Amino acid sequence: MSKLSLGTRLFISHLLVMFVGLGSFIGLAKFSSPKMFIIRLEKLEQQGLFTVRSARTYLVKGFETAWNNSAFWSVIFGVSAAGGVSYLVSRRTIKPLNQMKEITQKLAQGHLEERMPDSNIPEWDQLGKSFNIMASSLQDVEQRRRELISDMSHELRTPLTIMRGYLEELANGSIEGSPDLYLNIVKETRRLERLIHDMQELSKAEAGYLSITLYPINILPLLTSLVDKFSDQIMEDGPIIKLECPTKLPPVLADSDRIEQILVNLIGNAICYTEKGSITVKVWQENKQVWIAIIDTGIGIKSEDLPYIFERFWRADKSRSRYSGGTGIGLAITRRLVELQGGKIEVESEVDKGSTFRFSLSIA
Ligand code: ADP
């Protein structure tokens with residue numbers, strides 16, 4: 001029985017139900033009907049309507065033959081009709097399952113674009129739709145995996161090529177070793193280290209493995225200490241950094257380590273892309289959220305570049321950012337960290353005027 005397909009089992013179970021129903025009907029009717037018929041005849045006799053004693057056996061026999069004939073034909077028709085309907089129903093029910101089996105096999109072979117067609121059986125349709133959502137997310141993950149590998153190999157190739165170039169020239173004597181040259185090699189090695197570190201953080205953030213513990217925190221001390229730390233690092237002729245924060249601010253539901261990571265990324269970028277002017281860290285409350293904005297008066301970002309700014313490895317000016325040591329991963333991590341804490345991140349920018357990055361946190 002276990003080797004039978006679901007369709008056959010469904011079909012057999014339909015037939016079984018039908019046979020049990022018909023059998024009990026025939027059995028009951030066969031044994032009780034003649035008795036009831038006789039009782040009825042006796043009643044008629046007692047009332048003296050007519051005498052049937054002589055015709056009794058003949059009548060009962062006639063009834064039995066009529067009953068047997070009709071029962072025989074009703075079984076034949078019943079079985080064929082119910083069998084036919086049962087067969088059609090099981091075929092119709094089982095078809096989407098077979099389709100799903102084929103599509104799953106194709107998905108497993110790497111054809112991630114395969115989808116289940118709509119079904120007019122609501123349960124199958126629902127299952128098909130959920131299956132399609134799962135297939136789409138698989139396709140998405142696969143697409144992202146491919147992009148990530150290609151982006152990463154591209155990013156790793158540049159510092160490796162530079163280092164190999166230096167080392168080959170050193171080896172064949174076409175250049176002499178000097179502290180500057182070794183420092184250049186060290187710089188490229190650091191870049192590789194940073195890239196790998198950022199990649200690790202990003203992949204953890206994207207896969208949701210970053211440990212984030214949300215608890216009510218007061219962000220003012222964190223902001224003050226960060227702004228102080230950064231203003232100590234900025235050169236004298238650099239931009240000034242200031243904090244604009246209302247003294248009364250409700251606690252927010254956040255992870256202070258992650259908030260610090262977000263702010264370090266955003267303020268770090270602002271300093272990197274602002275030669276002079278100011279960087280303002282502004283905080284305000286709006287409905288049930290606290291917003292933190294980092295407003296700079298730096299080089300700004302072109303409006304056509306803004307939609308890509310949070311994508312990993314994206315840099316407005318690749319050569320300049322590479323020179324400044326950027327990996328193009330910072331904002332991708334930042335966005336993920338904000339989202340993991342239930343917030344939103346937005347950007348506004350104008351070339352040569354400055355950029356504003358703001359993100360929200362829920363009030364505890
Ligand atoms: P990176 O490590 O290169 O800074 P990010 O993901 O942090 O990577 O930033 C991506 C790109 O966005 C940067 O290379 C830069 O072109 C642009 N960018 C980020 N912040 C700013 C800013 N405050 N002003 C101007 N451009 C910015």
Side-chain angles (χ1 to χ4, degrees), residues 144 147-148 151-152 154-159 162 187-206 210 223 226-227 230-231 233-235 238-244 258-282 291-340 343-359:
R144 283 223 298 256
E147 279 171 12
L148 184 68
D151 286 348
M152 232 185 102
H154 176 81
E155 292 297 317
L156 291 174
R157 198 173 298 129
T158 319
I162 296 174
K187 205 176 90 188
E188 293 304 323
T189 323
R190 288 231 174 92
R191 198 179 141 64
L192 278 178
E193 271 173 7
R194 203 168 34 238
L195 206 80
I196 287 162
H197 170 264
D198 283 359
M199 280 307 306
Q200 256 176 341
E201 284 284 295
L202 180 68
S203 81
K204 275 196 255 168
E206 285 193 343
L210 269 191
L223 288 168
L226 268 178
V227 167
F230 274 107
S231 55
Q233 284 173 17
I234 296 176
M235 306 277 185
I240 55 156
I241 176 161
K242 53 186 191 234
L243 175 65
E244 278 180 21
R258 302 303 173 195
I259 297 281
E260 186 169 337
Q261 209 175 340
I262 294 170
L263 287 166
V264 167
N265 276 349
L266 293 178
I267 302 175
N269 274 351
I271 293 174
C272 190
Y273 301 109
T274 309
E275 241 174 70
K276 51 184 184 298
S278 65
I279 292 158
T280 313
V281 180
K282 192 174 167 188
W291 283 85
I292 305 175
I294 290 83
I295 307 160
D296 69 46
T297 56
I299 57 167
I301 303 155
K302 284 190 224 142
S303 58
E304 66 261 31
D305 288 343
L306 282 178
Y308 309 104
I309 196 92
F310 294 107
E311 282 180 17
R312 65 168 110 81
F313 295 119
W314 190 90
R315 289 182 295 245
D317 177 344
K318 313 239 167 203
S319 50
R320 185 205 60 206
S321 302
R322 182 160 287 140
Y323 173 73
S324 72
T327 57
I329 303 177
L331 284 178
I333 299 178
T334 303
R335 174 170 67 176
R336 198 68 197 118
L337 289 178
V338 171
E339 286 170 354
L340 284 172
K344 225 167 50 159
I345 185 160
E346 294 167 358
V347 58
E348 263 172 35
S349 188
E350 217 177 308
V351 174
D352 292 334
K353 289 241 166 87
S355 316
T356 299
F357 283 87
R358 57 170 176 265
F359 65 96

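Here the structure is a predicted model, which is why all the values come from computation and not from measurement. Both counts, for ligands and for their atoms, begin at 1 and track the order of listing.
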Taking distance alone, with no angle check, do Leu331 and ligand 1 share an N/O pair under 3.5 Å? yes

Show me which atoms of ligand 1 lie under 4.0 Å from any heavy atom of [X].
X: Ile309; value: 12 (O), 17 (C)
X: Gly300; value: 25 (C)
X: Ile329; value: 6 (O), 8 (O)

Contact partition for Ile301 relative to ligand 1, non-hydrogen atoms under 4.0 Å: side chain

Phe357 contact mode with ligand 1 (heavy-atom cut-off under 4.0 Å): side chain

Output all residues satisfying salt bridge (charged side-chain N to carboxylate O under 4.0 Å, His left out) with Glu188, sequence neighbours left out; order by chain, then residue number. none

Salt bridge check: are Arg190 and Glu193 linked by an N-O gap of less than 4.0 Å? no

Contact check, Gly328 vs ligand 1, heavy-atom distance below 4.0 Å: yes

Contact between ligand 1 and Gly268 is defined here as a heavy atom of the residue under 4.0 Å from a ligand atom; is it met? no

Report the residue from Ile262, Leu263, Thr280 that forms a side chain to side chain contact (heavy atoms under 4.5 Å, CB included) with Ile294. Leu263

Listing request: all salt bridge (Lys or Arg N to Asp or Glu O under 4.0 Å) pairs with a residue in residues 272-281, at least two apart in sequence or in separate chains. none

